[in-house]
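Order of the sequence lines sets the chain letters (A, B, ...), proteins ahead of strands, with each chain counted from 1. Because only heavy atoms are used, hydrogens play no part in the values below, and waters and symmetry mates are left out as well, while side chains stay in.
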Amino acid sequence: MLRARPGPMALSPGFPDPMTVVTRFAPSPTGSLHIGGARTALFNQLYARHTGGKFLLRIEDTDRERSTEANVQIILDGLSWLGVTPDAEPVFQFARADRHREAVAAMLANGGAYRDFTPPAEQDAERERARAEGRVVRSAWRDRDPSEAPPGAPHVVRLKAPLDGETVVDDLIKGQVTFQNRELDDLVVLRTDGSPTYNLAVVADDHDMGVTHVIRGDDHLNNAARQSLIYQALGWEVPAFAHLPLIHGPDGAKLSKRHGAQAVGEFADLGYLPEALRNYLARLGWGHGDDEIFSDSQAEAWFDVKDVVKAPARLDWAKLNHINQQYIREADNDRLTELTLAVHQGRGVQVSADRLASLPAVVALVKEGAQTTLQLADLTLFALKSRPLALDSKTQAQLGEETRERLARLRDRLTASKWEVPALEVEIRAFAEAEGIGIGKFGPALRGVLSGGAPAPDLASTLVSLGREEALGRIDDALSQVQ
RNA sequence: GGUCCCUUCGUCUAUCGGUUAGGACACCAGAUUUUCAUUCUGGGAAGAGGGGUUCGACUCCCCUAGGGACUGCCA
């Protein structure tokens, strides 16, 4: 349960500057920050920045049963990690319940709403009847005199929606969407317990926050029509709407647990860089010509909601991986080292101070081939192992007598070499030539001895990144091992 | 059931009445090669179906099919 928290009640009144765009992201803390929600937030921020406007955050915590403080924190952390940051302190919807009740009172006063005293069980029955008859819910109390009800009787307040005519939602993405008013029901705006409902709260908050552009998921398109009616009942200007198509799983079905990560936090755990995820998410449902990899400022300069694609997009892990790889290449080595170390630590890898010192150079060496920081950890593991290394079976199998003798000779040769990549490369080639064999005859064995079977870069680079003492020591360990 | 939305390569997209329908990821083949990866070259791959409108439709309109959302005193 979420406890009431003091929210900023004093909000910017109306539209201070009609030219200024105000967007908002309005998640409900009944769960974590979903990847689809993250993209919605991103688009809101991009549009606000594109237009020089403001991007706001509102936590819709009016479901007291399911909203939790922990989820609020997860959403805040997720957005912060992703780099989507509102331009003002978040607004908590529940804290504004009084204001919402005020709005309902105004609707009641001007005839835009009515009290419905129908008992809940009867309302359920009416809903089923309405559905069976293919019509929308209307209460008998719509036209009854409230004084007919016993004083103080429990009731809800419903919107008195128009019975005919049509409501047009002028959507920036979908175009003009027309709804027949007879299809729009008298939705409840105030519950029996006096708490406001979602559609009412959204309208009141968006109005009070000065939101000019409501950019949200496709699943709200139908709500947009009903909300338009509430705006009208309140005599408020209807904001511009833009309904984003949803993100589906790789198989086209609704995104769910079985598709892997769903929550933004999981993407961090899977080794993705926030800037890479931003870039990928921006390309999901939106594009700018042939541009695939672009900076935040480019995205801000190019992005416009009207260019958002109408059809739902699927999450494509392979492409996300590719984009992440591009960003890892460009990322700062110290930062990558830190991220990589965190992965190793999470895996319980024990790292000595000596080995740790070699990590930055190794990260720089292997980062081109890594798609995620998880892979970065895989590719750097060889350098962090402590002597004596446990050799994998593949390497052990290669260490026959002939190969061991060969490695011993190579070791002597390397000992005399300068410990630099070009020099070692020359030595290795010269050695192969002297032995009259190809590098393939001993290269894999040497690599295995040096890495214990973990992936490692080319031999000379591996030797250098381990350092002379460590590298020679690892060879000695392997050669002295009893077969 | 009702209302609404959507439909270009496997995937993300470009096109905005006239293109050999472009790019990216993935995939396949080849080159390089001391593992994995990287890199380079090449290749296959699309307008859901049917009607219109038009000199000309991926592009505009209609129908069908398929997918999705909503239909709560949840948000």
Quiz item: B/A48 and B/C12: how far apart are their P atoms, nearest whole angstrom?
Solution: 14 Å
Next on the checklist: Salt bridge check, A/E183 against A/R138: does any charged N sit closer than 4.0 Å to a carboxylate O?
Outcome noted: no
The ring pair (Phe, Tyr, Trp, His ring centres under 6.0 Å) partner of A/H155 among A/W141, A/Y114, A/F117 is A/F117
Across all chains, not counting sequence neighbours, the ring-ring contact (aromatic ring centres under 6.0 Å, His included) partners of A/H213 are A/Y47
- Query: Do A/R131 and A/E128 meet the salt-bridge criterion of a basic N to acidic O distance under 4.0 Å?
  - Reply: no
Taking for A/P120 and for A/N222 the nucleotide of RNA chain B with the nearest heavy atom, the one nearer the 5' end belongs to A/N222
inquiry  = Give me the distance, rounded to whole Å, that separates B/C61 from B/G1 when you measure between the P atoms they each carry.
reply    = 26 Å
Q. Say you pick atom P in B/C60 and the same atom in B/U7; how far apart are they, in whole Å?
A. 10 Å
CZ (A/R429) with more than 12 external heavy atoms under 6.0 Å:
no
Using atom C1' of each nucleotide, how far apart are B/C55 and B/U13 to the nearest Å?
31 Å
**Message:** With rounding to the closest Å, how many angstrom separate the P atoms on B/A57 and B/G51?
**Reply:** 13 Å
For atom C1', what is the distance between B/C9 and B/C27, given to the nearest Å?
12 Å
Check: Side-chain donor or acceptor of A/R131 under 3.5 Å from a matching atom on the base of B/G1?
Finding: yes
Scanning all shown strands, the Watson-Crick or wobble mate of B/U11 with both distances under 3.5 Å is B/A24
Test salt bridge (charged side-chain N to carboxylate O under 4.0 Å, His left out), reference A/D205, set A/R58, A/R99, A/R24, output is A/R58
Winner on side-chain proximity to A/V309, out of B/C12, B/U38, B/A14, is B/A14
If pairing means Watson-Crick or G-U wobble with both distances under 3.5 Å, then the partner of B/A69 is B/U3
Of A/T192 and A/E292, the one whose closest nucleotide on RNA chain B sits nearer the 5' end is A/E292
**Message:** For the P atoms, the ones on B/U41 and on B/A24, what distance do you get once it is rounded to whole angstrom?
**Reply:** 11 Å
Closest to the side chain of A/H322, out of B/C73, B/C25, B/C5, is B/C25
A/D316 has its side chain closest, among B/U11, B/U34, B/U13, to B/U11
As its Watson-Crick or G-U partner within any shown strand, both distances under 3.5 Å, B/A48 has B/U64
Is there a donor on the side chain of A/R447 or the base of B/U35 sitting less than 3.5 Å from an acceptor on the other? yes
Ranking B/A69, B/G22, B/C6 by distance to the side chain of A/D290, first place goes to B/G22
Heavy-atom donor-acceptor pair, A/E133 side-chain to B/G1 base, under 3.5 Å: no
Checking B/U3, B/U11, B/U38 against the side chain of A/F179 (C-beta onward), the nearest is B/U3
Paired to B/A29 by Watson-Crick or G-U wobble criteria (both distances under 3.5 Å) is B/U41
Identify whether any heavy atom of A/H220 sits under 4.0 Å from a base atom; if not, whether one sits that close to sugar-phosphate; answer base, sugar-phosphate or nothing.
base
Of B/U35, B/G23, B/A75, the nucleotide closest to the side chain of A/K394 is B/U35
message: Distance check, P atoms only: B/C58 and B/G18, in whole angstrom units.
response: 10 Å
